[in-house]
K.L.:
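Mind having a look at this structure? Questions to follow.
Throughout, numbering of the chain's residues begins at 1 and tracks the sequence. Below, all heavy atoms of this structure are taken into account, side chains as well, without hydrogens, waters or symmetry copies. In this text the structure is predicted, and so the values were computed from the model without any measurement.
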Amino acid sequence: MGFHIVNLNNGVIEHEYIRTEKELAFSDNIKEDTIIYQGEENWKPVRVGDSEKYKDYCNLDFRAGMKAQQLFKEQAMRESLMLEEINQDVDSFANYKLDKTTRYKRGDFLVRNYRNLEIEVKCKRFYPDKNPKVFYFNVQDLLKHTNMQESSQTPIILAIYERSKDGGIIEEPNFVSIDMINENKNKLKIEPTNNEDCYKIPISYLKKGFGFIKEFSW
């Protein structure tokens, strides 16, 4: 393993790789605030904002969603739910024999010991809107989940955790089925959010606690 020399110049990473410790003496790029770490040559530093792999971690909503998924797994285990995590990579999706002209979206988990229910975990802000509060759900995501449900003949449920302004999560899960939203979507208002159309869904549609999964019928 060699040595990576890293400097930050006006927000731009300057990087040099040196193979031996003795060669460090011949580098003109080492200063007091230079970062040096030892590693293989391909262990290059990455600026998060430039990385397709890591840039989502700059996004508070993305990180809150990942935390919510982990929280759901831990809580589901305590509730004796047998979860199977659904692989989200492109190659695994190719194994689904689906109509290539139709758009689909997979959930995050299957609940093996409760009718193979498919669960999509979300962490959402609840916004004041007269009474009751509402959360926003992407119009196209509803369509894609509906297409998946119809093709797989597996009911899909949203597990919604409330997110605070600072990214914290209120740990009690709320549930609503894709069918419930579809049955009421003609009554729902649509508003653009982050340049995408979203349904404003009243939190009165949500049911608290894992009893929703255990008692669910379809």
K.L.:
State whether the number of non-hydrogen atoms from other residues, nucleotides or ligands found under 6.0 Å of Ile35 atom CD1 is greater than 12.
P.N.:
no
K.L.:
Give a yes or no answer on whether the side chain of Arg115 reaches the backbone of Phe216 with a donor-acceptor pair at less than 3.5 Å.
P.N.:
yes
K.L.:
Does Asn29 offer a backbone N or O that forms a donor-acceptor pair with the side chain of Thr34 under 3.5 Å?
P.N.:
yes
K.L.:
Measure the CD1-CG distance between Ile213 and Asn113 for me, rounded to the nearest 0.5 Å.
P.N.:
9.5 Å
K.L.:
Identify the heavy atoms of Glu150 and Gln153 that sit nearest to each other, and give their distance.
P.N.:
O-NE2, 2.9 Å
K.L.:
Quiz question: by atom type and distance under 3.5 Å, do the side chains of Glu118 and Ser152 form a donor-acceptor pair?
P.N.:
no
K.L.:
Only one of Lys200, Arg125, Glu191 forms a side chain to side chain donor-acceptor pair (under 3.5 Å) with Tyr136, so which one is it?
P.N.:
Glu191
K.L.:
Is there side-chain contact between Tyr57 and Met66, with heavy atoms separated by less than 4.5 Å?
P.N.:
yes
K.L.:
If we ignore hydrogens and angles and just use 3.5 Å, is the side chain of His4 paired with the main-chain N or O of Glu40 as donor and acceptor?
P.N.:
yes
K.L.:
With no hydrogens and no angle check, is any side-chain donor or acceptor of Asp108 less than 3.5 Å from a backbone partner on Val121?
P.N.:
yes
K.L.:
If hydrophobic clusters are built by linking Ile, Leu, Val, Met, Phe, Trp and Tyr wherever their side-chain heavy atoms come under 4.5 Å apart, do Val134 and Met180 end up in the same one?
P.N.:
no
K.L.:
I need the Asn174 CG to Glu162 CD distance, nearest 0.5 Å.
P.N.:
8.0 Å
K.L.:
Please confirm whether the backbone N or O of Asn87 pairs with a side-chain atom of Arg106, one donor and one acceptor, at under 3.5 Å?
P.N.:
yes
K.L.:
For Pro45 versus His15, what's the shortest heavy-atom pair and its separation?
P.N.:
CD-CD2, 3.3 Å
K.L.:
Going from NZ on Lys187 to OH on Tyr199, what distance comes out if it is rounded to the nearest 0.5 angstrom?
P.N.:
13.5 Å
K.L.:
Could you tell me if the side chain of Arg163 sits less than 4.5 Å from the side chain of Asp61, heavy atoms only?
P.N.:
yes
K.L.:
Side chain to side chain contact (heavy atoms under 4.5 Å, CB included), that's the test. Do Ile160 and Phe126 meet it? Break it down for me.
P.N.:
CA-CA 10 Å; Ile160 309 289; Phe126 292 174; 3.9 Å; yes
K.L.:
Within the 4.5 Å heavy-atom criterion, are Arg103 and Leu143 side-chain neighbours or not?
P.N.:
no
K.L.:
Would you say the side chain of Leu142 lies within less than 4.5 Å of the side chain of Thr146, judging by non-hydrogen atoms?
P.N.:
yes
K.L.:
Are any side-chain N or O atoms of Tyr205 and backbone N or O atoms of Ile181, one a donor and one an acceptor, separated by less than 3.5 Å?
P.N.:
no
K.L.:
Give a yes or no answer on whether the side chain of Gln88 reaches the backbone of Ile86 with a donor-acceptor pair at less than 3.5 Å.
P.N.:
yes
K.L.:
For Asn7, does its backbone N or O pair with a side-chain atom of Glu14 as donor and acceptor, under 3.5 Å?
P.N.:
no
K.L.:
Is there side-chain contact between Lys73 and Glu85, with at least one heavy-atom pair below 4.5 Å?
P.N.:
yes
K.L.:
For Ile30 versus Ser27, what's the shortest heavy-atom pair and its separation?
P.N.:
CG1-OG, 4.0 Å
K.L.:
Determine yes or no for a side-chain-to-main-chain donor-acceptor pair under 3.5 angstrom, with Tyr37 supplying the side chain and Trp43 the backbone.
P.N.:
yes
K.L.:
Working to the nearest 0.5 angstrom, can you tell me the gap between Phe175 CZ and Lys208 NZ?
P.N.:
10.5 Å
K.L.:
Check for a donor-acceptor pair, side chain of Asn147 on one end and backbone N or O of Tyr104 on the other, with a separation under 3.5 Å.
P.N.:
no
K.L.:
Mind listing the closest non-hydrogen atom pair of Leu117 and Pro155 along with its distance?
P.N.:
CD2-CG, 3.3 Å
K.L.:
So Val46 and Lys53, side chain to side chain contact (heavy atoms under 4.5 Å, CB included) or not? Walk me through it.
P.N.:
CA-CA 10 Å; Val46 176; Lys53 184 176 182 179; over 6 Å; no
K.L.:
Decide if atom CG of Asp33 counts as having more than 12 heavy atoms of other residues, nucleotides or ligands within a radius under 6.0 Å.
P.N.:
yes
K.L.:
Can you sort out the partners of Ser80 under side-chain hydrogen bond (donor to acceptor under 3.5 Å, both in side chains), two or more places apart, ordered by chain and number?
P.N.:
none
K.L.:
Looking at residues at least two apart in the chain, or sitting in another chain, which of them share a side-chain hydrogen bond (donor to acceptor under 3.5 Å, both in side chains) with Tyr161?
P.N.:
Gln75
K.L.:
Considering all heavy atoms of both residues, which atom of Leu81 and which atom of Lys214 are nearest to each other, and what is their separation?
P.N.:
CD2-CE, 4.2 Å
K.L.:
Rounded to the nearest 0.5 Å, what separation is found between the CG atom of Asp197 and the CG atom of Asp141?
P.N.:
12.0 Å
K.L.:
At their closest point, which heavy atom of Thr154 faces which heavy atom of Asn116, and how far apart are they?
P.N.:
CG2-O, 2.9 Å
K.L.:
Just by distance, with hydrogens left out, do Arg63 and Asn59 show a side-chain donor and acceptor under 3.5 Å apart?
P.N.:
no
K.L.:
More than 12 heavy atoms of other residues, nucleotides or ligands under 6.0 Å from CG of Asn42: is that the case?
P.N.:
yes
K.L.:
I need the Leu24 CG to Glu16 CD distance, nearest 0.5 Å.
P.N.:
8.5 Å
